[in-house]
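This report refers to the structure that appears directly beneath it.
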Amino acid sequence: MVAERLAVEYPEAVCELDHTNAFELLAATILSAQCTDARVNMVTPALFARYPDPQTLAGADPSELEEIVRSTGFFQTKAKNLIGMAQALLERYDGEVPTELDDLVTLPGVGRKTGNVLRTVVFDLPGLPVDTHVGRLSRRLGLTQQDDPVKVEHELESFLPPAAWGPFSLRTILHGRRVCDAKKPRCADCVLEDVCPSSSLPRRRGAANTTKA
DNA sequence: ATCCCGAGGG
DNA sequence: CCCTCTGGAT
């Protein structure tokens with residue numbers, strides 16, 4: 001139900017982190033932690049020009065890399081993770097980005113959210129990235145009561161078909177940014193208002209639909 | 001003051 | 001479970 005409505009509203013939801021291959025998306029997604037994708041897209045042109053592949057990134061000078069990624073926040077950690085990620089790709093994966101989540105999450109700076117982004121965006125494999133938007137909207141919509149992103153991910157995956165995982169995540173993120181933002185959700189402009197238990201709009205008793213998805 | 005496509009460590 | 005890491009936008 002909710003997933004279908006979002007599909008109608010955002011038919012072409014895409015990942016907005018600029019990239020031309022899996023390695024670039026991996027680096028961009030590592031930088032996206034607690035940072036807007038627009039900000040990430042401001043630094044990645046210089047990043048990819050200076051370090052176009054795992055070989056060059058693995059040998060990067062930490063302070064030079066820190067200056068390039070500084071404006072994305074957590075810059076010391078992110079620079080260290082980017083170098084470690086590139087070294088791990090060379091040492092353990094022949095310089096290629098792995099496709100299995102269990103492999104992806106062994107890379108420095110890569111957790112389930114980042115791994116699932118890679119799977120659904122560049123590998124066309126099942127992956128449900130649960131970021132702050134997906135967690136917040138899933139709770140507001142009554143799709144889960146969980147707070148832990150891993151538990152949210154598993155609960156959503158239990159009633160959504162694998163082919164819908166990625167698109168649901170991308171559309172939920174778009175809806176979270178445009179309409180259902182953290183501070184002041186615009187319920188009057190929301191296509192899910194009639195089925196949302198958290199809607200701030202007046203509504204007659206019992207009008208909210210309780211079925212999931 | 002609060003949030004942004006989090007992850008790692010204790 | 002908690003805490004820390006960080007800058008930019010609103």
Side-chain angles (χ1 to χ4, degrees), chain A residues 6 10 12-19 22 24-44 46-47 62-63 65-89 97-98 101-123 126-141 143-154 156-157 164-186 198:
Chain A
L6 288 173
Y10 308 106
E12 302 273 315
V14 291
C15 173
E16 296 191 13
L17 292 170
D18 294 338
H19 64 282
E24 289 187 356
L25 181 61
L26 184 51
T29 310
I30 287 173
L31 291 179
S32 75
Q34 294 299 298
C35 178
T36 60
D37 52 355
R39 171 59 54 183
V40 173
N41 290 338
M42 292 181 203
V43 313
T44 45
L47 179 72
S63 30
L65 180 54
E66 284 174 10
E67 289 316 303
I68 295 176
V69 304
R70 175 179 288 273
S71 69
T72 66
F74 301 156
F75 66 93
Q76 293 180 340
T77 304
K78 288 176 180 177
K80 193 188 310 171
N81 285 338
L82 285 172
I83 293 172
M85 172 274 281
Q87 292 174 343
L89 289 184
V97 180
L101 192 58
D102 288 345
D103 292 319
L104 285 161
V105 297
T106 70
L107 302 170
V110 180
R112 295 187 66 90
K113 178 259 171 179
T114 300
N116 278 320
V117 167
L118 267 289
R119 282 176 62 80
T120 186
V121 175
V122 294
F123 296 137
L128 179 30
V130 175
D131 68 341
T132 177
H133 293 296
V134 176
R136 181 182 70 251
L137 268 68
S138 295
R139 283 185 289 276
R140 284 180 177 171
L141 287 163
L143 301 180
T144 184
Q145 329 238 84
Q146 301 293 343
D147 200 38
D148 176 5
V150 179
K151 292 179 182 173
V152 174
E153 179 190 334
H154 288 137
L156 294 175
E157 289 173 350
W165 294 354
F168 175 80
S169 179
L170 273 314
R171 288 164 183 152
T172 302
I173 289 164
L174 258 188
H175 192 59
R177 291 200 330 220
R178 295 181 182 175
V179 180
C180 193
D181 59 280
K183 288 184 178 176
K184 205 167 160 291
R186 303 171 50 191
S198 309

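Values below: every heavy atom of this structure, side chains too, minus hydrogens, waters and symmetry copies. Owing to the predicted nature of the structure, the values given are computational and were not obtained by experimental measurement. First the proteins, then the strands, lettered A, B, ... as listed; each starts at 1.
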- Considering only the C1' atoms, how many Å lie between C:dC3 and B:dC5, rounded to the nearest integer? 22 Å

- If only atom types and distance count, is the side chain of A:Arg139 paired as donor or acceptor with the main-chain N or O of A:Gln146 below 3.5 Å? yes

- Under the 3.5 angstrom rule, does the side chain of A:Arg136 hit a backbone N or O of A:Asp131 as a donor-acceptor pair? no

- Task: Sugar-phosphate means primed atoms, P, OP1 and OP2; the rest is base. With that split, encode nucleotides 4-10 of chain C 5' to 3' as B, S or - using protein heavy atoms under 4.0 Å.
- Result: -BBBSSB

- Note on the structure: Atom CG of A:Asp181 and atom C1' of B:dC5 are separated, to the nearest Å, by 15 Å

- Query: What is the nucleic acid contact for A:Thr114, judged by heavy atoms within less than 4.0 Å: base, sugar-phosphate only, or nothing?
  - Reply: sugar-phosphate

- Message: Give me the distance, rounded to whole Å, that separates B:dG10 from C:dT6 when you measure between the P atoms they each carry.
- Response: 15 Å

Nucleotide N/O to protein N/O under 3.5 Å, stretch nucleotides 8-10 of chain B:
from  : atom 1 : to       : atom 2 : distance (Å)
B:dG8 : OP1    : A:Gly109 : N      : 2.8

- Just one of A:Thr72, A:Ile68, A:Val40 clears the side-chain contact (heavy atoms from CB on, under 4.5 Å) bar with A:Leu47, so which one? A:Ile68

- Message: Which residue is it: A:Ile30, A:Asn81, A:Leu82? I am looking for the one with a side-chain contact (heavy atoms from CB on, under 4.5 Å) to A:Val69.
- Response: A:Leu82

- Counting only N and O atoms by type, is there a donor-acceptor contact under 3.5 Å from the side chain of A:Ser169 to the main-chain atoms of A:Pro129? yes

- A:Arg112 vs A:Val150 side-chain heavy atoms within contact, under 4.5 Å: yes

- Are the side chain of A:Thr106 and the backbone of A:Asp103 linked by a donor-acceptor contact shorter than 3.5 Å? yes

